[in-house]
Amino acid sequence: MAVNYWLVKSEPSTYSWNQFEIEKETVWDGIRNFAARNHLRAMKKGDLCFFYHSNEGLCIVGIAKVAKESFQDPTSEDKNWVAVGLVPYKKLKTPLTLQDIREDQRLASMVLLKNSRLSVQPVTAKEAAIIADLGGVKLA
DNA sequence: GCCAACGTTGGC
DNA sequence: GCCAACGTTGGC
C-alpha cells in the first residue's frame with residue numbers, strides 16, 4: 001500500500017518542531033477547517049507529513065509520521081472535528097524555506113503556494129521526493 | 001503591525 | 001442560494 005504525503009503547519013511560537021522532538025509524539029488537534037479536516041481523515045498510519053513553520057521561520061523543518069489515524073478531536077465536543085497522532089520521523093538536514101520552494105519550478109503547483117492558508121494539505125509523491133532531496137534526507 | 005486572501009456566517 | 005460583512009491566517 002502506497003504511503004501518502006501531507007504537509008501540516010504550525011506557528012513555532014505555538015508548537016515548534018523542537019518541542020515535537022522533545023515530546024516524541026503529539027496529537028494534531030484544533031483543526032477547524034473543513035478541507036483540512038478532510039485531509040486529516042484521509043491520513044493512514046505510516047503516512048508522512050512535512051512539518052512547516054508558519055509566521056516565523058517560514059520553512060519545512062522536518063517530517064512526521066502518522067502514528068494514529070483520525071479520531072475525535074479531544075479539544076472539541078463536536079465529533080465532526082478530528083485529530084491524528086504524529087511522531088517525529090526525520091529532521092531535514094537543510095530546512096527548506098518558502099523562498100526555496102517558490103524558486104523551484106518543480107514545486108510550483110504545491111498547495112502551500114496556491115492556498116497558503118490551508119493548514120493541512122496533500123503533497124504529491126513527486127513533490128515529496130523533491131522536498132526530501134533538497135532537504136538532504138531520504139524518505140524511506 | 002499591517003494588509004491581502006480566504007473561509008464562514010447571516011441577512012435577505 | 002446569493003453575497004456582503006466579518007474574523008482569521010500568514011507573509012511581509
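Residue numbers start from 1 in every chain, and the chains themselves are labelled A, B, ... in the order their sequence lines are given, proteins ahead of strands. Computed over heavy atoms, backbone and side chain alike; hydrogens, waters and symmetry mates excluded.
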Does OP1 or OP2 of [N] have a side-chain N or O of [X] closer than 4.0 Å?
| X | N | value |
| --- | --- | --- |
| A:K9 | C:dT9 | no |
| A:N115 | B:dG7 | yes |
| A:R102 | C:dC12 | yes |

| query | Among residues 48-63 of chain A, which contact DNA chain C at a heavy-atom distance under 4.0 Å? | reply |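 Under 4.0 Å from DNA chain C: A:Y52, A:S54, A:N55, A:L58.
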In whole angstrom, give the distance that lies between atom [atom1] of [X] and atom [atom2] of [N].
| X | N | atom1 | atom2 | result |
| --- | --- | --- | --- | --- |
| A:H39 | B:dG7 | NE2 | C1' | 14 Å |
| A:E11 | C:dC12 | CD | C1' | 14 Å |
| A:Q121 | B:dC6 | CD | P | 13 Å |
| A:R32 | B:dT9 | CZ | P | 12 Å |
| A:L113 | C:dC12 | CG | P | 10 Å |
| A:I31 | C:dT9 | CD1 | P | 10 Å |
| A:F34 | B:dC6 | CZ | P | 19 Å |
| A:L118 | C:dG11 | CG | P | 13 Å |

| query | Looking at CH2 of A:W6 and NE2 of A:H39, how far apart are the two atoms once the value is rounded to the nearest 0.5 Å? | reply |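 With rounding to 0.5 Å, CH2 (A:W6) is 6.5 Å from NE2 (A:H39).
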| said: Within the 4.5 Å heavy-atom criterion, are A:M43 and A:C49 side-chain neighbours or not? | reply: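 Yes. Closest side-chain heavy atoms under 4.5 Å.
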| query | Under a 4.5 Å cut-off applied to non-hydrogen side-chain atoms, are A:K90 and A:K138 in contact? | reply |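 Yes, side chains in contact.
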| request: Return the minimal non-hydrogen interatomic distance between A:A36 and A:L118, and the atom names on each side. | output: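 In this case the closest contact between A:A36 and A:L118 is N-CD1, 3.7 Å.
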| task | Would you name the heavy atoms of A:F20 and A:V87 that are closest together and state the gap between them? | result |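 Result for this residue pair: CZ-C, 3.3 Å.
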| field | Donor-acceptor pair between A:E23 and A:T26 side chains, under 3.5 angstrom | value |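 Side chains of A:E23 and A:T26: no pair found under 3.5 Å.
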Write down the protein N/O and nucleotide N/O pairs, taken from nucleotides 3-5 of chain C, whose separation is under 3.5 Å; answer none if there are no such pairs.
none

| task | Evaluate the ring planes of A:Y15 and A:F51, with Trp represented by its six-membered ring, and classify them as parallel (under 30°), tilted (30 to 60°) or perpendicular (over 60°). | result |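 Tilted, since the angle between the ring planes falls between 30° and 60°.
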| request: Answer yes if A:V123 and A:L86 sit in the same cluster of Ile, Leu, Val, Met, Phe, Trp and Tyr residues linked by side chain heavy atoms under 4.5 Å apart, and no otherwise. | output: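 No; tracing contacts between hydrophobic side chains, which count when under 4.5 Å, never links both residues.
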| message | Which residues pass the salt bridge (charged side-chain N to carboxylate O under 4.0 Å, His left out) test with A:D73, not counting sequence neighbours? | response |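 Listed in chain order: A:R32.
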| request: Choose from B:dG7, C:dC12, C:dG10 the nucleotide whose nearest atom is closest to any side-chain atom of A:N33. | output: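 Of all the options, the side chain of A:N33 is nearest to B:dG7.
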